[in-house]
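Worksheet: one structure, shown below.
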There are 2 protein chains.
Amino acid sequence: MQEDRATQALAALSQPTRLAVFRLLVREGPAGLPAGEVARKLGVQPATLSFHLAQLERAGLLVSKRQSRQILYAADFAAMRGLVGFLLDDCCHGRPEICDGLTAGAGKNKARRAEETA
Amino acid sequence: MQEDRATQALAALSQPTRLAVFRLLVREGPAGLPAGEVARKLGVQPATLSFHLAQLERAGLLVSKRQSRQILYAADFAAMRGLVGFLLDDCCHGRPEICDGLTAGAGKNKARRAEETA
DNA sequence: TTGATATTTCAACGATTATCAAAATATGGA
DNA sequence: TCCATATTTTGATAATCGTTGAAATATCAA
């Protein structure tokens, strides 16, 4: 991940609707959701959502795949990994105790959710 | 971390100069740097940098402390932790194998970079 | 083909943003 | 006090952004 790629990704995420879209698709997993369902779930007009989906895809955070009449959008987890890594690169000049736990919150509800569905 | 706080933080990071400032201060660690030195290191005019530092601080990503004539700015690592956690919250509905590696080894990115280019 | 569904593109508007020069504020030292 | 240093604030300008309705494109089914 290079600086301008990271800036693009962050700019894409720095808007409430797009942030909600991305987090929804992160939660949804690699299968993704059709654009229309994202619009319905978030209460956004199709034209507006299309604009935001395009921005997120252009920023490399989403991938899309047409399936019949619908277009499925899914989060690009590799890109997410790259972005987080870029932000924390060379964190604290090799003093890991300062950064430890920086990412401990990721998927913090995994355990609870696993219990619920068990 | 709530949605509008996260949006603010991402908006603050979504600008090349501010992203460079933040990453510089992440590398620098909790001691931080005086505004003037940040400006010199990044080749940004003091007035412009002051504007960006204020935005980053208002977004909760930096903390500042006056020390004699200088004002020291440092990354707020707790905020960073919160932001990353928010982005990855409920990642993949409890299927951790999808998100695995998303956050592993912050600050030890030489290995990850090797993976990326592989 | 015709019609219905799903999504995108277009055009236009108001709002926000980054940048710089110049002036203002705050601190420390002579 | 007066002066130099460090940083911020102000005012102005040009560029970008988010939203919407309307029109366009793509797909499927009858």
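This structure is a prediction, so every number in the text was calculated from the model and none was measured. Only this structure's heavy atoms are used, side chains among them; waters, hydrogens and symmetry mates stay out. Below, read A as the first sequence line, B as the second, and so on, with proteins coming before strands; counting in each chain starts at 1.
- Put simply, B:H52 has a side-chain N or O that comes within less than 4.0 Å of OP1 or OP2 on C:dT19.
- Taking NE2 from B:H52 and CG from B:L42, the interatomic distance works out to 10.5 Å, rounded to the nearest 0.5 Å.
- To the nearest 0.5 Å, atoms CZ (A:F22) and OG1 (A:T17) are separated by 15.5 Å.
- Of the residues in residues 34-50 of chain A, those placing a heavy atom less than 4.0 Å from an atom of DNA chain C are A:P34, A:A35, A:G36, A:P46, A:A47, A:S50, in numerical order.
- With values rounded to the nearest 0.5 angstrom, B:L10 atom CG is found 6.0 Å from A:L19 atom CG.
- At whole-Å resolution of the value, CZ in A:F51 and C1' in C:dC10 are 13 Å apart.
- Chain A approaches DNA chain D within less than 4.0 angstrom (heavy atoms of the protein), and the contacting nucleotides run 5' to 3' from D:dG18 to D:dC28.
- Between the side chain of B:R18 and the main chain of B:A12, a donor-acceptor pair closer than 3.5 Å is present.
- In terms of heavy-atom proximity, B:A31 sits nearest to B:A74 at C-CB, 4.4 Å.
- To the nearest 0.5 angstrom, B:E3 atom CD is 6.0 Å from A:R23 atom CZ.
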Practice task
Can you check each nucleotide of nucleotides 23-30 of chain C against protein heavy atoms at under 4.0 Å and return B for base, S for sugar-phosphate only, - for none, in 5' to 3' order?
Solution key: ---SBS--

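- Looking at residues 2-22 of chain A, you'll see that no heavy atom sits under 4.0 Å from any atom of DNA chain C.
- Judged as a side-chain hydrogen bond (donor to acceptor under 3.5 Å, both in side chains), and not counting sequence neighbours, B:T48 has no contacts.
- By the criterion of side-chain heavy atoms lying less than 4.5 angstrom apart, applied directly or through intervening Ile, Leu, Val, Met, Phe, Trp or Tyr residues, A:L24 is grouped together with B:L83 in one hydrophobic cluster.
- Not a single donor-acceptor pair under 3.5 Å links the side chain of B:R66 to the backbone N or O of B:I71.
- Taking CG from A:D76 and CG from A:L61, the interatomic distance works out to 7.5 Å, rounded to the nearest 0.5 Å.
- No side-chain heavy atom of A:L33 sits less than 4.5 Å from a side-chain heavy atom of A:Y73.
- How far OG of B:S14 is from CD of A:Q15: 11.0 Å, rounded to the nearest 0.5 Å.
- The CG atom of B:L56 sits 10 Å away from the P atom of C:dA18 (whole-angstrom rounding).
- For the pair B:Q55 and C:dT17, the criterion of a side-chain N or O lying under 4.0 Å from OP1 or OP2 is not met.
- For B:R5, the side-chain hydrogen bond (donor to acceptor under 3.5 Å, both in side chains) partners at least two apart in sequence or on another chain are B:Q8.
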